[in-house]
Amino acid sequence: MDIALEKKAHVFRLPVYLLDKLKELAAKDRRSLNNYVEGLLLDAVYNEPNDVTRQAMEEAKAGDTFGPIDTSSVEAMIKSIGL
């Protein structure tokens, strides 16, 4: 059973440089411009960070970090962040 979402056409005015960049990114992702922009908008509207992520973002903004993180390997990274 196919379920089609109702869609409505709407015109947006965008700067040429932004539209060109969106077209470039859509082509790189092998998607139509409409599908690409719809995906970006859905992510922006519905993908809110959870409480743990939100707290980590606040800590990073405030500079409350544990020091340098070793990214040479997964094991080194885990050790450097104290897990």
Side-chain angles (χ1 to χ4, degrees):
M1 179 162 114
D2 289 327
I3 299 175
L5 297 175
E6 182 181 355
K7 294 189 177 190
K8 183 176 181 178
H10 189 82
V11 177
F12 286 94
R13 293 171 49 125
L14 299 172
V16 173
Y17 75 91
L18 179 57
L19 184 58
D20 289 344
K21 186 64 176 178
L22 289 168
K23 286 179 182 178
E24 175 189 324
L25 293 170
K28 187 176 179 182
D29 212 21
R30 296 184 179 167
R31 297 165 63 187
S32 69
L33 176 62
N34 187 77
N35 180 266
Y36 187 77
V37 171
E38 184 177 353
L40 291 175
L41 292 171
L42 285 169
D43 284 347
V45 171
Y46 292 109
N47 286 342
E48 298 214 11
N50 63 25
D51 290 337
V52 172
T53 302
R54 195 175 289 115
Q55 181 181 359
M57 291 166 65
E58 291 301 320
E59 289 172 0
K61 285 179 188 174
D64 298 336
T65 58
F66 297 105
I69 297 175
D70 184 352
T71 58
S72 61
S73 70
V74 173
E75 293 81 12
M77 183 179 74
I78 290 171
K79 185 176 178 181
S80 70
I81 61 175
L83 294 179

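Both backbone and side-chain heavy atoms feed into the values below; hydrogens, waters and symmetry mates do not.
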TODO: Could you tell me which non-hydrogen atom of Gly39 sits nearest to which non-hydrogen atom of Arg31, and how far apart they are?
DONE: CA-NH2, 4.0 Å
Open item on the list: Just so I know, are the side chains of Leu40 and Leu25 near enough to count as touching, which here means a heavy-atom distance under 4.5 Å?
Closed with: no
TODO: Answer with yes or no whether the hydrophobic clustering places Leu41 together with Leu14; edges join I, L, V, M, F, W, Y residues whose side-chain heavy atoms lie under 4.5 Å apart.
DONE: yes
- [ ] Taking atom CG of Asp51 as the centre, report whether more than 12 heavy atoms of other residues, nucleotides or ligands fall under 6.0 Å from it.
- [x] no
TODO: Check the hydrophobic clustering (I, L, V, M, F, W, Y; side-chain heavy atoms under 4.5 Å; chains of links allowed) and say if Leu22 and Val16 are grouped together.
DONE: no
TODO: Determine, stepwise, if the pair Glu24 / Lys28 fulfils side-chain contact (heavy atoms from CB on, under 4.5 Å).
DONE: CA-CA 6 Å; Glu24 175 189 324; Lys28 187 176 179 182; 5.7 Å; no
Task: Hphob cluster co-occupancy, Tyr17 + Tyr36, side-chain heavy atoms under 4.5 angstrom - done: yes
TODO: Grab the two heavy atoms, one from Ala26 and one from Leu33, that are nearest each other, plus how far apart they are.
DONE: CB-CA, 4.0 Å
Open item on the list: Is a donor from one side chain sitting under 3.5 angstrom from an acceptor on the other, for Asn34 and Ser32?
Closed with: no
Open item on the list: Check for me, please, whether Leu42 and Val45 land in the same ILVMFWY cluster - side-chain distances under 4.5 Å, paths through other members count.
Closed with: yes
Task: Interatomic spacing from OG1 in Thr53 to CD in Gln55 - rounded to 0.5 Å - done: 10.0 Å
